[in-house]
Structure formats: C-alpha cells, structure tokens
Trainee: 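Questions regarding the structure given below will be posed in turn.
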Amino acid sequence: MNRSSAVTRVHYAMRALLLAALAIYIMHLNESNLLEYYLAPQMQKLLLLCPVPLLFIAFGMVYHAVMGDAGDVCDCEHPHPRGVVRNMTVYGLFALPLFFGLLVPDQPLASSMAAKKGMVYTYPNPDVRTGSGSEDVPEDTGTADGVGKPNPAGNENAPVDLFAPKDKYSVEFAELAKRLYALPSVTVRPEIFSETVGAIEMYKPVFAGKPISVQGFVFRDDSMDKNMFAVSRFLLMCCTADAVPFGILVSGEQASRFENDAWVSIEGTVQTVKIGGEERLLIQAESIETIEEPASPYIFTNPDSVAAFDELYPAAQP
C-alpha cells in the first residue's frame, strides 16, 4: 500500500465517521423529542428520511477504507482536499455543527430572542393581513358603536354577515371566526394558535368582551407598563432560523408579578388598546397562573385551520 492510498483510506474513514455521527445525532434528537426545538413538523418528516441513507453511505466508506484495494480507493475522479487548511475547512463544515449541537444545550427560543427579532402582534402573513386594521370588519356589518356585538356568555351562532370575508385571503379566517364566536369561551389551542389569534384580531369589534384563555411565555419590553406584558409563542414556518415571536398583549393587576420567560396560563376577556396610533388586540386578564413549559413550546402554521377546529371541537360543528 503506497502513501497516497493510505491517505485516501484515512479520508474515507473520516467521512464515514462524520456521516455516521450526523445520522446518530438526528436519531438522538428524534428519540429525545427535541426536533421540535429546531424544525417544523413537515421538515422533521423530511429530515427523518436522512439517517438510514447516511448510515449506508458511511458503511460503504468504511468498507472501502478497510477492505478496498488500491484501485478501489484511488479517488482519481474526486481527489481529497490537499493541505491542512483545506482539510480543516472542508471537514469543519460537517464537524462544527455536530460539535456545537453536542455542546449547546437543547432549549427553546425565549424572550431575549423575541426582543432581537421584534414581537409580532398580528397574524404574520402579509397576504392574509392586506388592508387589515381597525377596518377589518366591513362597514355594513352593523358592528360599529357596539351594535351587533356578541353576548360573551351566549352560545348562539353568529350572524353570517358579521364575518363576511373582505377578500379571497380572509375566507378561511372568516369561517374560523364564525366557529370561534359560537363557543361560550375561546381557548387558543396550540394546534391553531396563530390562526385563532388572527381570526379574532381580524374581527376585533365582534369579539370584544368574549372570554378567552391562552398559554405562553411572558415577554415584556421597556415600552410596556408594569401591569402589561405579551403572552407569547414562537411561530415556526420551517425552522428556528425563520421563527417569528408571536404574542397577544395582556393587561391585569397581577401582571407585574411575572418575569420574562415565565410560562403562564391566562383567562380573561378580549379587548383592544391603542398603542402608537395602532389598535391592537388585548386580553384583560382575570387570572394569571404559572405553568410548566409545555413539551412542544413552539406553534406552527396549520394548512387548514377550519378542519383542525372541527377535529378539536366535533360537537361544535355548524
């Protein structure tokens, strides 16, 4: 065995080790239910297709490194990097993510990242939110000046015209809003968290006074007074790189007792507040209780929130 063949075998062994380590790390995250800290569900499914092929490739490289003859490992068509710097650069691209993944604790994003990204208080889809604001409910719905507002404790179905969609992008929100309105109290469920808040925010005058409950972590910045914070969750479209901090303002006498990143359960009523000339959704809290951080702290967009609502509330289907 010449020196060139021996060096090539070493490269095969190193590549096999890196690929196997990557496959094992992915399986570890899956077994530990930690993939949700990094990827949205649809991306998790794609990632979980990778470990088996990676292990097969790694085993093939190990075979060539150990059993292959000089012709098998000549690497004539794909020469390995030459020089210490080039080798460190190429292999570092694979080794560094694994190194940091093993050293950095697996934990969800928190208020410090929310402060850097900037808290979002409306549904973060610009197509859905086109033209939204205080004029979300069309002028002819009869909701102005308190006319047509629901009885928060009532179970009656909402008049259809209260939730007439103003464009093609708001049809799903209008359907979801009708279903939410018919409930005696709205629970913001993680499965349709952003869609529920978006539907309520789109029809704020209709939902004014409606009982609501929600869970999330506390986020407070310098612009808020001591009796206000945002109950928040990170919304993942694809992965944590595109995570959006998504929250609802909360006001209450107990609010000052809770520090950033505390997980809380809130019960209150839907209200609105003007901040900087912009009308925002607000929960007037009646009770705030500390809870444990949920196993799945993030929320994700739902491709069909109306169907998801019907699955969550089969008895409430219209």
Side-chain angles (χ1 to χ4, degrees), residues 18 20-51 54 92-121 123-124 187-197 213-224 228-250 254-266 288-302:
L18 286 172
L22 183 59
I24 292 170
Y25 182 59
I26 293 172
M27 291 188 289
H28 160 70
L29 290 176
N30 183 53
E31 289 295 323
S32 305
N33 295 319
L34 295 173
L35 277 180
E36 291 189 355
Y37 285 2
Y38 302 100
L39 294 173
Q42 64 272 21
M43 299 305 297
Q44 294 177 34
K45 295 176 182 177
L46 294 176
L47 182 65
L48 291 175
L49 297 175
C50 298
L54 288 174
L93 293 175
F94 294 89
L96 282 177
L98 285 169
F99 180 75
F100 284 114
L102 293 173
L103 288 185
V104 176
D106 298 302
Q107 59 186 19
L109 301 175
S111 61
S112 58
M113 183 57 68
K116 292 179 182 178
K117 286 178 170 282
M119 183 62 63
V120 174
Y121 296 102
Y123 190 80
T187 299
V188 184
R189 301 285 292 269
E191 296 87 348
I192 49 173
F193 190 107
S194 60
E195 292 81 9
T196 297
V197 176
S213 61
V214 63
Q215 296 180 347
F217 68 88
V218 172
F219 171 79
R220 184 185 288 105
D221 60 28
D222 296 336
S223 66
M224 301 177 185
M228 182 179 288
F229 61 76
V231 57
S232 319
R233 303 288 282 264
F234 272 92
L235 174 64
L236 266 64
M237 307 292 183
C238 175
C239 61
T240 51
D242 63 17
V244 176
F246 186 55
I248 313 171
L249 289 172
V250 176
Q254 307 173 58
S256 60
R257 296 172 34 227
F258 299 90
E259 300 292 334
N260 274 358
D261 297 324
W263 278 84
V264 293
S265 178
I266 296 167
I288 307 175
E289 296 181 358
T290 303
I291 61 171
E292 293 292 327
E293 179 184 304
S296 180
Y298 299 146
I299 55 173
F300 311 96
T301 54
N302 195 300

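In this text, all values refer to a predicted model and were calculated from it rather than measured experimentally.
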Trainee: The test is side chain to side chain contact (heavy atoms under 4.5 Å, CB included); show your working for V250 and F258 and say whether it passes.
Mentor: CA-CA 12 Å; V250 176; F258 299 90; over 6 Å; no
Trainee: Counting N and O atoms only, with roles assigned by atom type, does the side chain of Y298 sit under 3.5 Å from a partner on the main chain of L109, one being a donor and the other an acceptor?
Mentor: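 Side chain of Y298 to backbone of L109: a pair is present.
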Trainee: For a side chain to side chain contact (heavy atoms under 4.5 Å, CB included) check, start with the C-alpha distance between F193 and V214, then their side-chain angles and the critical distance, and finish with the verdict.
Mentor: CA-CA 9 Å; F193 190 107; V214 63; 3.6 Å; yes
Trainee: Looking at A295 and Y37, what are the two nearest heavy atoms and their distance?
Mentor: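 Shortest heavy-atom separation between A295 and Y37 comes out as O-CE1, 4.4 Å.
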Trainee: So how far is it from R257 CZ to I288 CD1, rounded to the nearest 0.5 Å?
Mentor: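 So the CZ of R257 and the CD1 of I288 are separated by 7.5 Å.
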Trainee: I need the minimum non-hydrogen distance between V218 and E259, along with the two atoms involved.
Mentor: CB-O, 3.4 Å
Trainee: Rounded to the nearest 0.5 Å, what's the gap from CZ on F246 to CG on L236? Could you check?
Mentor: 13.5 Å
Trainee: With a 3.5 Å distance limit and no angle check, can you tell me whether Q44 reaches the backbone of L39 through a side-chain donor-acceptor pair?
Mentor: yes
Trainee: So, R233 side chain and Q215 main chain: donor-acceptor pair closer than 3.5 Å or not?
Mentor: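 Between the backbone of Q215 and the side chain of R233 there is a qualifying donor-acceptor contact (under 3.5 Å).
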Trainee: If we ignore hydrogens and angles and just use 3.5 Å, is the side chain of K117 paired with the main-chain N or O of A243 as donor and acceptor?
Mentor: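 Between the backbone of A243 and the side chain of K117 there is a qualifying donor-acceptor contact (under 3.5 Å).
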Trainee: Could you check whether any side-chain N or O of D261 sits under 3.5 Å from a backbone N or O of F219, counting only pairs where one atom can act as donor and the other as acceptor?
Mentor: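 No: the side chain of D261 does not pair with the backbone of F219.
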Trainee: Rounded to the nearest 0.5 Å, how far does CZ of R189 lie from CD of E195?
Mentor: 13.5 Å
Trainee: For the residue pair E36 / S296, report whether a side-chain donor-acceptor contact shorter than 3.5 Å exists.
Mentor: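 Distance-only check passes for S296 and E36.
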Trainee: Look only at the side chain of Q42 and the backbone of M237, and say whether a donor-acceptor pair between them is shorter than 3.5 Å.
Mentor: yes
Trainee: Say you draw a straight line from CG of L29 to OH of Y38; how long is it, rounded to the nearest 0.5 Å?
Mentor: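 Between L29 CG and Y38 OH, I get 6.0 Å after rounding to 0.5 Å.
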Trainee: Hey, could you give me the CG/CE distance between L249 and M228, rounded to the nearest 0.5 Å?
Mentor: 5.5 Å
Trainee: Looking at every non-hydrogen atom in both residues, tell me the closest pair between F217 and A110 and how far apart they are.
Mentor: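 Answer, listing the atom of F217 first, then A110: CE1-C, 4.2 Å.
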Trainee: Run the numbers on I291 and V264 for side chain to side chain contact (heavy atoms under 4.5 Å, CB included), then give the verdict.
Mentor: CA-CA 5 Å; I291 61 171; V264 293; 5.5 Å; no
Trainee: Do you know which two heavy atoms are closest between T301 and L235, and how far apart they sit?
Mentor: N-CD1, 3.7 Å
Trainee: Take L48 and M27 through the test side chain to side chain contact (heavy atoms under 4.5 Å, CB included) and record every step on the way to the result.
Mentor: CA-CA 8 Å; L48 291 175; M27 291 188 289; over 6 Å; no
Trainee: Just by modelled atom types, is the N30 backbone N or O under 3.5 Å from a matching donor or acceptor in the S32 side chain?
Mentor: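 Not confirmed, S32 side chain does not pair with N30 backbone.
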Trainee: Does A255 offer a backbone N or O that forms a donor-acceptor pair with the side chain of R220 under 3.5 Å?
Mentor: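 Present.
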